[in-house]
Enquirer: 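Once you've had a glance at the structure underneath, I'll fire off some questions.
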Amino acid sequence: MKKLIKVYLKGKNVNCVGLFNCETNKLTILAGSIIRKKVSPNFKYNRKRLSQIGEYCKDQGDSFILIKDASFETPSAAAKFSLGYEVNGPAYWRTETNDSLKECMQKQKNKKDLNS
């Protein structure tokens with residue numbers, strides 16, 4: 001089973017590249033990724049996000065750019081940070097083959113089960 005999976009999150013004013021660690025379930029968004037500036041009015045993690053933006057990002061007009069890698073405990077936390085609204089991260093992060101991270105994790109689990 002692959003330990004690290006390269007993943008992507010794209011949308012309006014969002015273009016992120018990350019590495020998902022299958023063993024820890026953590027996702028690191030790589031420096032140079034672009035995250036959305038605008039947030040949903042009812043986004044409950046906005047205060048935390050603003051603190052993270054101050055630590056990891058530089059203002060690019062309509063968006064922010066990561067100036068250093070940013071690690072998150074879950075794919076959902078990384079997606080919420082990038083998009084500025086509530087989201088199910090494993091469903092939104094995509095692999096190089098355009099599978100969702102959720103699908104990719106299931107495929108790897110199935111392979112592991114077959115080899116056990």
Enquirer: With sequence neighbours left out, which residue pairs that include part of residues 64-80 fulfil the salt bridge (Lys or Arg N to Asp or Glu O under 4.0 Å) condition?
Expert: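 Found K26-E73, K80-E86.
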Enquirer: Take atom CG of N25 as the centre, draw a 6.0 Å sphere, and report whether it contains more than 12 heavy atoms from other residues, nucleotides or ligands.
Expert: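 Check passes, neighbour count above 12.
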Enquirer: Could you list the residues that satisfy ring pair (Phe, Tyr, Trp, His ring centres under 6.0 Å) with F64, not counting sequence neighbours?
Expert: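 Here no residue qualifies.
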Enquirer: Please name all residues satisfying side-chain hydrogen bond (donor to acceptor under 3.5 Å, both in side chains) with S71, sequence neighbours left out, ordered by chain then number.
Expert: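 Per chain and number, S71 pairs via side-chain hydrogen bond (donor to acceptor under 3.5 Å, both in side chains) with T28.
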Enquirer: Is the backbone of G61 close enough, under 3.5 Å, to the side chain of K37 for a donor and an acceptor to pair up by distance?
Expert: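 Judged by distance alone, yes, a pair lies under 3.5 Å.
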Enquirer: Would you say the side chain of K10 lies within less than 4.5 Å of the side chain of C16, judging by non-hydrogen atoms?
Expert: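 No - every pair of side-chain heavy atoms lies 4.5 Å or more apart.
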Enquirer: Of all heavy-atom pairs between S63 and I35, which one has the smallest distance, and what is that distance?
Expert: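 Result for this residue pair: CB-O, 3.1 Å.
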Enquirer: Any chain of hydrophobic side-chain contacts (each under 4.5 Å) joining V87 to L101?
Expert: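 Yes, because V87 and L101 connect within a single hydrophobic cluster, where side-chain heavy atoms sit under 4.5 Å apart.
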Enquirer: Run the salt bridge (charged side-chain N to carboxylate O under 4.0 Å, His left out) test against D99 and tell me which residues pass, sequence neighbours left out.
Expert: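 So D99 forms a salt bridge (charged side-chain N to carboxylate O under 4.0 Å, His left out) with K107.
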Enquirer: Closest approach of I5 and C22, non-hydrogen atoms and distance?
Expert: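 Residues I5 and C22, closest heavy atoms: CD1-SG, 3.4 Å.
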Enquirer: Mind checking what makes side-chain hydrogen bond (donor to acceptor under 3.5 Å, both in side chains) contact with Q106, not counting sequence neighbours?
Expert: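 Q106 satisfies side-chain hydrogen bond (donor to acceptor under 3.5 Å, both in side chains) with N110 only.
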Enquirer: Could you work out, with side-chain contact (heavy atoms from CB on, under 4.5 Å) as the rule, every residue matching A78, not counting sequence neighbours?
Expert: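 Expected list: L27, I29, F72, W93.
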Enquirer: Hey, are the side chains of C57 and D59 touching, using non-hydrogen atoms and a 4.5 Å cut-off?
Expert: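 Heavy-atom side-chain distance check fails, nothing below 4.5 Å.
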Enquirer: Side-chain donor-acceptor pairs under 3.5 Å in residues 43-55, sequence neighbours left out?
Expert:
unit_1 : atom_1 : unit_2 : atom_2 : d
R49    : NE     : F81    : O      : 2.7
R49    : NH2    : R36    : O      : 2.3
R49    : NH2    : F81    : O      : 3.1

Enquirer: Kindly write out the residues that satisfy side-chain hydrogen bond (donor to acceptor under 3.5 Å, both in side chains) with S76, not counting sequence neighbours, or none if the list is empty.
Expert: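 Once residues adjacent in sequence are excluded, S76 has no partner under the side-chain hydrogen bond (donor to acceptor under 3.5 Å, both in side chains) criterion.
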Enquirer: List the residues meeting ring pair (Phe, Tyr, Trp, His ring centres under 6.0 Å) with F20, not counting sequence neighbours, and say none if there are none.
Expert: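 For F20 there are no ring pair (Phe, Tyr, Trp, His ring centres under 6.0 Å) partners, ignoring immediate neighbours.
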